Structure formats: C-alpha cells, structure tokens
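Input: a single structure, listed below in structure tokens.
Since the structure is predicted, the reported quantities are computational estimates derived from the model, not experimental observations.
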Amino acid sequence: MSAEDEPSRKIGSRWFNANKLDRSKNRDGSFYVDGSDTMANKGFVIDITHVPSGRQLFFKAFIESYTETYSPDWAEETVYGRMDPIYQFKNTTRTLTLALKVPAASTSEAYENLAKIQALTQFLYPNYLEVGSATTIAQSPILRLGVMNIGRSQNQYYHSEPTTGGMSEGSAYHREGRRVDETTAPDKYARGPNSGLLGVLTSLTINHNLAGDAGVIEQSAILKSGRSGIPRTGGSILPKLIEINFDFKVIHEHHLGWNQEGEFSNEAFPYGLDFENSGPKNAARLSFLEMKSMAQVTRRRQRQMEEEENREIAEQALANAEARYGGIFGERRRKRDARALWRGEASEEQVSAYAGALSSQHRSFLGDHSDAEDAAKTVEWISDINEYRATQQDD
C-alpha cells in the first residue's frame with residue numbers, strides 16, 4: 001500500500017486497525033488480525049463530534065447499555081372545587097445514557113484507545129477568546145453523538161416548507177438491502193459529521209480497570225545512559241479495557257409535534273424508519289401510496305393558499321378600518337356603517353372596514369392568540385349578517 005492510499009492515522013480517523021502503530025505478531029510468527037476491526041470498518045461504531053472544532057472520534061460499538069429517557073414536563077395548577085389539578089404542557093426533553101467498553105487487542109490499540117479517551121475529555125471544555133489581557137468563554141462545548149442508526153439526527157428527513165413536499169418519511173425496509181449510487185442520487189443515508197444528535201454531555205465517568213481482571217499492558221522504564229538502575233522516566237501502563245459511561249442531553253433542532261391534518265412533523269423521528277412504505281408491494285399498494293402522497297401534497301398546498309388568502313383579506317380589512325375610522329369623524333362613520341349593516345345596505349368597503357375594526361379590538365384583547373384566519377372569519381361573519389339583513393328587508 002502506498003503512502004497516498006494508506007488510511008489516515010489521525011486520532012479522528014474512521015479506520016480501525018489493531019496494528020495501526022506497529023505490527024503485532026503471534027507466537028507462530030504470523031501477524032495478528034482483530035475481527036472487530038472489520039465490523040467497525042463496516043460502520044458499527046459510536047461517533048462523537050466536537051461542534052466548535054469539527055473534530056471527530058470513533059469507538060467500536062461494544063455497547064454495554066444504551067438507554068433513552070423522554071421526560072415530558074407539565075405544570076400543575078390546583079383549582080378549588082376540582083379533584084384533579086389542571087395540567088399545562090411545557091416541553092419534552094430527551095436524555096441518552098450510554099455505557100461503552102473500549103477494549104484493546106494489542107499495544108497499538110491500547111495506546112490509541114487511551115489517546116481517544118484523552119481527546120474525549122478535552123471535548124468537555126469550552127472555547128476561549130482573548131480580549132485584551134483577559135480570556136472569556138466564546139463557545140460552549142456542544143457535541144454531536146451518533147449511535148449507528150438508533151441515536152442519529154433525522155434532519156435529512158425533515159422539511160418545514162410545504163413547497164418542498166412537506167414532511168417526508170424515513171428509510172424503508174428492503175429485504176435485498178439498499179445501496180445508493182452517489183453519482184445519480186444524493187446519499188441521504190450517509191453518516192457525516194453533522195448526522196449525529198446535537199446535545200451536551202452532562203456527565204462522563206471513565207473506569208480504567210487498573211485492578212480488574214483485564215489488567216494493563218506494562219511498558220518498561222527507560223534508564224539513564226551510563227547509570228544502570230536509575231530510571232529516566234517512570235514506568236508506563238496502558239489499560240486493556242476502558243469503560244466509559246455518560247449522560248447526553250439532546251437538543252432538538254426543529255419543531256416536533258402534530259399538525260391539524262393528524263400528521264407528525266417528522267415521520268422519521270427518532271429512528272429514521274418508514275414502516276408504512278416497507279416490504280413487498282403489489283400494483284394496488286403502489287397506486288394507493290402514490291395517491292396518498294399526492295393527496296397530502298395537495299392538502300398542504302390548499303392550506304397554504306387559504307392562509308395566503310386569509311392574510312390578504314385580514315390586511316385589507318385592517319387597512320380599511322384604519323382609513324375609515326381613524327379621523328375625527330371616525331366614530332360617527334362606524335356608527336353609520338353599523339346602521340347600514342343592520343338594514344342590509346352596507347357596501348363591501350363598509351363590511352370590510354367594520355370587520356377590521358372588530359378584529360383589531362379582538363387582537364388587542366387576545367394579543368398573539370389572534371391570527372389572520374380569525375380576521376378573515378370576522379369579515380365573512382359580518383358579510384353574512386349584511387346579506388341576511390338584506391333578505392329580511394326584502395321580505
């Protein structure tokens with residue numbers, strides 16, 4: 001293998017080889033090969049990215065335990081006369097607890113493992129910025145954690161704009177496996193440095209197992225030249241098995257929740273799966289899925305058009321109200337318009353202005369809880385009253 005083709009030996013390399021720093025031989029003279037290297041090089045790894053620096057670490061997936069905790073937070077208010085309190089939802093937090101073993105099959109791997117743990121501890125400290133003669137924290141130690149497919153960000157499946165097709169599904173199951181041709185299609189299944197879950201490490205425990213059954217690899221002291229028995233450096237040890245345990249608080253990067261059509265904002269959350277579109281499909285099933293997808297897009301587009309139309313109606317009504325009732329004679333015009341509405345003789349401009357005035361009062365009372373849809377409904381309601389009164393006058 002040439003120097004150009006040889007994989008990187010940096011601490012953040014994805015390449016696993018127990019003989020990376022030196023080639024270990026077995027007793028029979030053959031070179032040692034670790035089978036776990038093959039599994040790790042296939043992607044069965046834990047990846048941790050330090051967001052401020054962009055540096056990455058990869059550990060073989062010797063997972064002892066992996067636990068997810070979802071904690072909905074509710075505010076309770078006890079009301080007199082009610083047996084149960086009133087619950088008001090606040091938010092839902094997600095915490096991952098991971099216990100990982102980092103074994104070493106050779107001296108080279110033991111040294112690399114200790115260097116990775118060293119780098120991981122460095123990830124827990126902030127970025128500093130020198131201002132004059134003082135230093136201040138410039139950036140917090142935010143991380144991205146990837147645990148194969150079960151601890152992975154699903155941002156590639158999330159679309160907030162209806163024009164992009166709305167919410168999309170995750171990865172469907174195929175018995176034959178899946179291979180994405182990067183030359184003809186974007187590889188949305190790739191696990192790049194930004195594909196891990198964004199969050200913070202709230203605790204990190206490292207057990208070097210110095211007194212355990214695994215033991216350590218001892219490296220002899222180097223003696224001073226010419227003075228036998230006096231060490232120049234102390235003896236060194238490399239743990240054969242390091243255990244790390246940490247709690248990781250996930251930071252959600254986009255809106256999560258249900259919309260009015262009964263759809264979740266990201267159907268691929270949290271594991272990136274699409275069960276509905278998985279498995280063998282006959283012609284009828286494919287036709288049904290295609291029609292369902294088209295109906296969803298049409299429904300979202302129709303809702304978007306309705307929202308735009310409501311916004312135009314609301315803005316026009318508020319502008320008419322301000323222009324018609326804003327002067328010194330505005331209150332007199334408003335009363336005259338009210339009488340015209342009662343007789344069923346109000347013009348479109350009068351209907352719009354009167355509805356705009358009511359909507360403005362409604363907004364001042366409810367604040368941000370009132371929207372363009374409410375104003376458009378007010379215009380429609382006033383228009384219906386005017387038409388109804390006109391019918392009564394004709395009778």
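Sequence neighbours left out, the pairs with a member in residues 94-129 that pass ring-ring contact (aromatic ring centres under 6.0 Å, His included) are H50-F123. Sorted by first then second residue, the side chain to side chain donor-acceptor pair (under 3.5 Å) pairs that include residues 237-252, not counting sequence neighbours, are T95-K249, T97-D247, S203-D247, N209-E243. Applying the salt bridge (charged side-chain N to carboxylate O under 4.0 Å, His left out) definition to pairs two or more places apart or across chains, those involving residues 79-95 are E68-R94, D73-K90.
Hydrophobic cluster membership for Y80: none, as no Ile, Leu, Val, Met, Phe, Trp or Tyr side chain comes under 4.5 Å of it. Under the 4.5 angstrom side-chain criterion for Ile, Leu, Val, Met, Phe, Trp and Tyr, L241 has no cluster partners at all.
Residues that satisfy the side chain to side chain contact (heavy atoms under 4.5 Å, CB included) test with R333, not counting sequence neighbours, are R324, Y325, F329, R336. For E64, the salt bridge (Lys or Arg N to Asp or Glu O under 4.0 Å) partners at least two apart in sequence or on another chain are K101. The ring-ring contact (aromatic ring centres under 6.0 Å, His included) check on F89 picks up W74, with sequence neighbours excluded. Annotation: side chain to side chain contact (heavy atoms under 4.5 Å, CB included) contacts of E331 (sequence neighbours excluded): R334, K335. Applying the side chain to side chain contact (heavy atoms under 4.5 Å, CB included) test to I150 and every residue at least two apart in sequence or in another chain returns Y66, V147, Y271. Among residues two or more places apart in sequence or in another chain, the side chain to side chain contact (heavy atoms under 4.5 Å, CB included) test is passed with I11 by L57, E112, A115, K116.
Under the 3.5 Å distance criterion, the side-chain polar atoms of N127 are left unmatched by any main-chain donor or acceptor of P52. Here the side chain of Q56 pairs no donor or acceptor atom with the backbone of T49 at under 3.5 angstrom. Judged purely by atom type and a 3.5 angstrom limit, E315 has no side-chain atom pairing as donor or acceptor with the backbone of E312. Checking side-chain atoms of S108 against main-chain N and O of N19 turns up no donor-acceptor pair under 3.5 Å. Side-chain N or O atoms of T121 include one that pairs as donor or acceptor with a backbone N or O of Q118 at under 3.5 Å.
Of all heavy-atom pairs between A321 and A357, the closest is CB-N, 3.5 Å. For the residue pair A105 and D34, the shortest heavy atom distance occurs at CB-OD2, 3.6 Å. Of all non-hydrogen atoms in A138 and L129, the two that sit nearest each other are CB-CB, 3.7 Å.
Annotation for E261: atom CD counts as buried by contact number, over 12 foreign heavy atoms lying within 6.0 Å. Counted within 6.0 Å of CD on E309, heavy atoms from surrounding residues, nucleotides or ligands total 12 or fewer; the atom is thus considered open. For Q139, the CD atom counts as densely surrounded, since its 6.0 Å shell holds more than 12 non-hydrogen atoms of other residues, nucleotides or ligands.
For the pair N259 and S265, the minimum side-chain heavy-atom distance is 4.5 Å or more. Using a 4.5 Å cut-off on side-chain heavy atoms (C-beta onward), P141 and L124 make no contact. For the pair L256/F264, a side-chain contact is recorded, criterion being any heavy-atom separation below 4.5 Å from C-beta on. Between E380 and I313 the shortest side-chain heavy-atom distance does not fall below 4.5 Å.
Using a 3.5 Å distance cut-off with no hydrogens or angles, the side chains of N310 and E306 do not pair a donor with an acceptor.
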**Prompt:** Checking side-chain contact (heavy atoms from CB on, under 4.5 Å) for the pair E263/W258: CA distance, chi angles, key distance, verdict?
**Reply:** CA-CA 5 Å; E263 298 170 331; W258 298 85; 5.5 Å; no
List, one per line, each side-chain donor-acceptor pair under 3.5 Å for residues 37-46, sequence neighbours excluded.
from, atom 1, to, atom 2, distance (Å)
D37, OD1, K60, NZ, 2.6
D37, OD2, A18, N, 2.8
N41, OD1, F16, N, 2.9
N41, ND2, F16, O, 3.1
N41, ND2, D37, O, 3.1

